[in-house]
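Take a look at the structure below.
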Amino acid sequence: MSQGKPMILELLASSVKTSAKAGQIIKDIMRQGDLGIVEKGSEPNDLQTEADRSAQRCIIASLTKKFPNVTIIGEEGHSHRIDDVVQDWIVSEVDQSVLALDCPPQYKEVNPQDVVVWVDPLDGTSEYTQGLLDHVTVLIGIAVQGRAVAGVIHQPYYGYKTAPDTLGRTIWGLVGSGIGGIQAQTPPKGELILTTTRSHNTALVVEALEALKPSKIVRVGGAGHKALLVIEGLCHAYVFASNGCKKWDTCGPEAVLEAAGGVFTDLHGNHYSYGKDVAYPDAQGIFATAKGVDHAELLKKIPQALKDAFPY
Ligand SMILES: Nc1ncnc2c1ncn2[C@@H]1O[C@H](COP(=O)(O)O)[C@@H](O)[C@H]1OP(=O)(O)O
Ligand SMILES: [Mg+2]
Ligand SMILES: [Mg+2]
Ligand SMILES: [Mg+2]
């Protein structure tokens, strides 16, 4: 580890490089052509591929090796073995621009026991299997005392349609410090562009969107991808009246969006808790707004009866 740097910066700097390696693994597996698709549950569109499994092993092994006292929870199971992971997948590099940050005072002395890293090695698996490759992201969220405070959204196929050899892009955020990889933008005034699921639609999902009377709805895959649309000001809000997302889907996106000046909550306007003992589903849905959007005002347009469908 670098001498004297706050642990949160070390962890974020390692996560940035590790997410990019996971992105390369995802692309290698797609190039090789054997995705090894497994249906995880009884729900439709809940798939796992060899890319999800391999990317998770890369991330968990890399971060476990460097931060053995931090709790790491990944979407694809609980093996934290390092010894059987390909050496080339264990990332030791760190992102120097993150290490050089001026750490917000509240995160300078963080106890590893209070940190949980939430890993979604491949967000947008349905879209990955369907060839909608720019919907895919690698998500790493860092929570301190239950709050999402830092995160990475790596988009391995960003720009691949015009540049097939793209390395993608990596966006990181630290609340109180800002974001890197892109510039946060305010969405256009006089419109309301919402983004939501394309593969996990339900009657309640539609009802919540209609209540907001949007000028446009952008239906794309992935929680990370939708958070990027909001961070870049291409959409005003990400609204998902469903319990389908889990903590690994939202911890990274929440931290990056909030570091970018947005607000990321459930449908009641509360932040999720990301401690190690919490339930995994984001059972109160998602309501996330861009920088410059009045989150509380917009949330008032969701009828109470609909919010009540997502009780505590
Ligand atoms: N009903 C669901 N079952 C399983 N995963 C879900 C469900 N709803 C959302 N997700 C997860 O949240 C992400 C965002 O949802 P959506 O694309 O529908 O907006 C999905 O890519 C998926 O993550 P993952 O691909 O990592 O399994
Ligand atoms: Mg999944
Ligand atoms: Mg996901
Ligand atoms: Mg996933």
Side-chain angles (χ1 to χ4, degrees), residues 10-38 47-67 72 74-77 79-99 117-142 151-173 180-182 221-225 227-228 248-249 252-253 256:
E10 296 269 4
L11 188 48
L12 183 58
S14 295
S15 299
V16 165
K17 290 290 188 189
T18 304
S19 70
K21 180 70 189 179
Q24 282 173 19
I25 294 169
I26 288 168
K27 287 158 106 179
D28 286 346
I29 289 166
M30 179 57 82
R31 263 193 296 269
Q32 285 155 15
D34 182 6
L35 297 189
I37 300 172
V38 176
L47 308 176
Q48 186 199 64
T49 71
E50 187 53 38
D52 299 69
R53 295 185 285 275
S54 297
Q56 164 141 331
R57 294 177 81 203
C58 158
I59 298 168
I60 303 248
S62 300
L63 296 182
T64 300
K65 189 161 184 199
K66 274 196 176 172
F67 304 96
I72 306 175
E75 176 180 358
E76 312 302 349
S79 169
H80 283 46
R81 282 184 65 177
I82 299 176
D83 51 340
D84 61 349
V85 174
V86 186
Q87 270 306 310
D88 177 53
W89 287 3
I90 300 186
V91 177
S92 54
E93 291 85 13
V94 286
D95 184 90
Q96 293 300 330
S97 61
V98 169
L99 268 194
V117 181
W118 292 90
V119 177
D120 187 342
L122 196 171
D123 182 56
T125 302
S126 295
E127 286 72 21
Y128 179 70
T129 64
Q130 293 165 25
L132 295 168
L133 299 176
D134 46 352
H135 299 211
V136 167
T137 59
V138 177
L139 302 176
I140 303 179
I142 301 170
V152 181
I153 304 174
H154 172 71
Q155 194 176 22
Y157 290 101
Y158 176 70
Y160 82 107
K161 285 178 185 155
T162 49
D165 292 334
T166 176
L167 291 176
R169 60 178 180 171
T170 309
I171 293 88
W172 54 260
I182 52 171
H225 181 213
L228 287 177
W248 41 74
D249 293 303
V256 181

* For Asp165, what residues pass the salt bridge (charged side-chain N to carboxylate O under 4.0 Å, His left out) criterion, not counting sequence neighbours? -> none

Quick check: closest heavy atoms across [X] and [Y], and the distance to 0.1 Å?
X: Pro253; Y: Ala227; answer: CB-CB, 3.7 Å
X: Gln56; Y: Val119; answer: OE1-O, 4.4 Å
X: Arg53; Y: Gly36; answer: NH2-O, 2.9 Å
X: Val16; Y: Ser19; answer: O-OG, 2.8 Å
X: Ile171; Y: Gly181; answer: CG1-C, 4.2 Å
X: Ala22; Y: Cys58; answer: N-SG, 4.0 Å

Could you grab the distance from atom [atom1] of [X] to atom [atom2] of [Y], nearest 0.5 Å is fine?
X: Asp123; Y: His154; atom1: CG; atom2: NE2; result: 13.0 Å
X: Asp52; Y: Asp120; atom1: CG; atom2: CG; result: 8.0 Å
X: Ile72; Y: Thr64; atom1: CD1; atom2: OG1; result: 3.5 Å
X: Thr49; Y: Leu122; atom1: OG1; atom2: CG; result: 5.5 Å
X: Ser15; Y: Lys66; atom1: OG; atom2: NZ; result: 9.0 Å
X: His225; Y: Glu127; atom1: NE2; atom2: CD; result: 9.5 Å

Flag the pair [X] / [Y] as yes when at least one side-chain heavy-atom distance between them is below 4.5 Å, and no otherwise.
X: Asp28; Y: Gln32; result: yes
X: Asp134; Y: Tyr158; result: no
X: Leu47; Y: Tyr128; result: no
X: Asp95; Y: Thr170; result: no
X: Ser14; Y: Val91; result: no
X: Ile59; Y: Val138; result: yes

* Taking it one step at a time, do Ile26 and Tyr157 satisfy side chain to side chain contact (heavy atoms under 4.5 Å, CB included)? -> CA-CA 10 Å; Ile26 288 168; Tyr157 290 101; 4.2 Å; yes

For [X], check side chain to side chain contact (heavy atoms under 4.5 Å, CB included) against everything at least two apart and list the hits.
X: Ser54; result: Ile25, Ile29, Glu50, Trp89
X: Asp83; result: Arg81
X: Gln96; result: Val94, Leu99
X: Leu167; result: none

* Asked: Could you walk me through whether Ser97 and Trp172 pass the side chain to side chain contact (heavy atoms under 4.5 Å, CB included) check?
  -> CA-CA 11 Å; Ser97 61; Trp172 54 260; 4.2 Å; yes

* Show your working on side chain to side chain contact (heavy atoms under 4.5 Å, CB included) between Glu75 and Leu139 and close with a plain yes or no. => CA-CA 10 Å; Glu75 176 180 358; Leu139 302 176; over 6 Å; no

* Asked: Crowded around Asp84 CG? As in, over 12 foreign heavy atoms under 6.0 Å?
  -> yes

* To do: Please list all pairs passing the salt bridge (Lys or Arg N to Asp or Glu O under 4.0 Å) test where one or both residues lie in residues 15-27, with sequence neighbours left out.
  => Lys21-Asp88

